Amino acid sequence: MARTYNFSAGPATLPLEVLEEAQRELLDYQGTGMSIMEHSHRGKAYMAVHEEAIANTKELLGLGDDYAVLFLQGGASLQFAMIPMNLLGAGQTADYTNSGSWAAKAIKEAKLLGHVNVAADCGKEIPTRVPLASEMNLTEGAAYVHITTNETISGAQWKSFPKTDAPLVADMSSDILSRPFNAQDFGLIYAGAQKNLAPAGMALVIMRKDLADRVPANVPSMLKYSTHIENDSMFNTCPCFTIYMYMLVTRWIKKTGLETLYARNVDKAARLYSAIDASDFYKGTAVPECRSDMNVTWRLPSEELEATFVKEALAEGFSGLKGHRSVGGIRASIYNAFPVEGVDALVSFMKDFEARNG
Ligand SMILES: *Cc1c(COP(=O)(O)O)cnc(C)c1O
């Protein structure tokens, strides 16, 4: 079987070992005579999966009982609305930083629901970057401060996180569990699963439980964090198969080690960025200090050449390299599960393409 080098931003490549294990267990989950997909979400077999998924998350992030780990539906996009619905009280202000398309979407939803201060805005700058902590114009007594740790579309990433008095809330959809960090500095972290964690179908939400005290009574039950904390993400039928895959992926991360994965991620990204920097033909689109280790973005001298590049790359077995439709260019998404061999193969393809077209 020839696996394609899948550079897609999401749904994205999953660890081969995890796919193989899921395949082995697909028809008969641990001798139960049925697939994990067919088990009741309240039965013993699935409950063990659910509990391990939570335990692995807490262990990887060093979190205790003061944090809840939730598996919610509606993707990261619903979190854009749930966060202000639950945490931004009447008369309060939430601080948001704008670093690009995803941050802008979070801001747009929050503005529908409450008062927002855009504390720093470099969302439209090219080359792209994230705000400096020193540029942030924070509100005293803010309900929370929201950042987007990795802009999946433009390829800009926060390398260190701001220290804030108000709870720090982060969209980590495209770089969660790609590097060690101090999770206890955050009030709430959320991530759509389909980039670095699992197949699509849920958002992982990690929150300090005391923040749930703020949830207004008139928020519908399904949209209240407190409902999901009280019911251990089982208020309604949870996305069992996605959580099962997430459990296998977190097991794989634990076995590999977060530090090891991080070193690998930095190394993979460095190989691509040095290929870009070594050429006048390719031009990186992010400010070097903010270059993402997860989504590497660059341009060719013309859109025509970019289209040819994507087409020829696909014929060579590299899929998903076309930049997001809103910005164009080339994007190579190289999450945890993406193999270094694929990066090296792409680098040789880039050299060859430049030699023929440069
Ligand atoms: C993909 C992505 C989202 C949206 O995720 P969905 O699960 O599709 O709603 C939000 N934020 C970031 C940073 C993303 O990369």
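This one's a predicted model, so the numbers in the text were calculated from it and none came from an experiment. Whatever order the structure lists ligands and atoms in, that order sets their numbers, starting from 1.
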Heavy-atom nearest neighbour in the protein, as seen from [atom], with distance rounded to 0.1 Å:
| atom | result |
| --- | --- |
| atom 5 (O) of ligand 1 | Ala76 CB, 3.4 Å |
| atom 2 (C) of ligand 1 | Lys195 NZ, 2.4 Å |
| atom 9 (O) of ligand 1 | Ser77 OG, 2.6 Å |
| atom 11 (N) of ligand 1 | Asp171 OD2, 2.6 Å |
| atom 15 (O) of ligand 1 | Thr152 OG1, 2.4 Å |
| atom 8 (O) of ligand 1 | Gln194 NE2, 3.2 Å |

[X], [atom1]: over 12 other non-hydrogen atoms inside 6.0 angstrom:
| X | atom1 | result |
| --- | --- | --- |
| Lys322 | NZ | no |
| Asp213 | CG | yes |
| Lys209 | NZ | yes |
| Tyr262 | OH | no |
| Ile126 | CD1 | no |

Practice problem: Give the C-alpha distance, both sets of side-chain angles, the deciding distance and a yes or no for side-chain hydrogen bond (donor to acceptor under 3.5 Å, both in side chains) between Thr139 and Asn117. | Solution: CA-CA 8 Å; Thr139 308; Asn117 167 48; 3.3 Å; yes
Practice problem: Provide the number and element of each atom of ligand 1 under 4.0 Å from a heavy atom of Gly75. | Solution: 7 (O), 9 (O)
Practice problem: Would you mind running through ligand 1 and noting each atom that sits below 4.0 Å from a heavy atom of Asn150? | Solution: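 Near Asn150, the atoms of ligand 1 are 13 (C).
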Practice problem: Answer yes or no for Ile153: is there a heavy-atom contact with ligand 1 below 4.0 Å? | Solution: no
Classify the contact between [X] and ligand 1 as side chain, backbone, both or neither, using a heavy-atom distance cut-off of under 4.0 Å.
| X | result |
| --- | --- |
| Lys105 | neither |
| Glu151 | neither |
| Phe80 | side chain |
| Leu78 | neither |

Quiz item: Linking I/L/V/M/F/W/Y whenever any side-chain heavy atoms sit under 4.5 Å apart, do Met234 and Met202 land together?
Solution: yes
Practice problem: Kindly state each residue pair satisfying ring-ring contact (aromatic ring centres under 6.0 Å, His included) with at least one member in residues 68-94, sequence neighbours excluded. | Solution: His50-Phe71, Phe71-Tyr246
Quiz prompt | Heavy-atom check, side chain of Pro339 versus side chain of Tyr5, under 4.5 Å | solution = yes
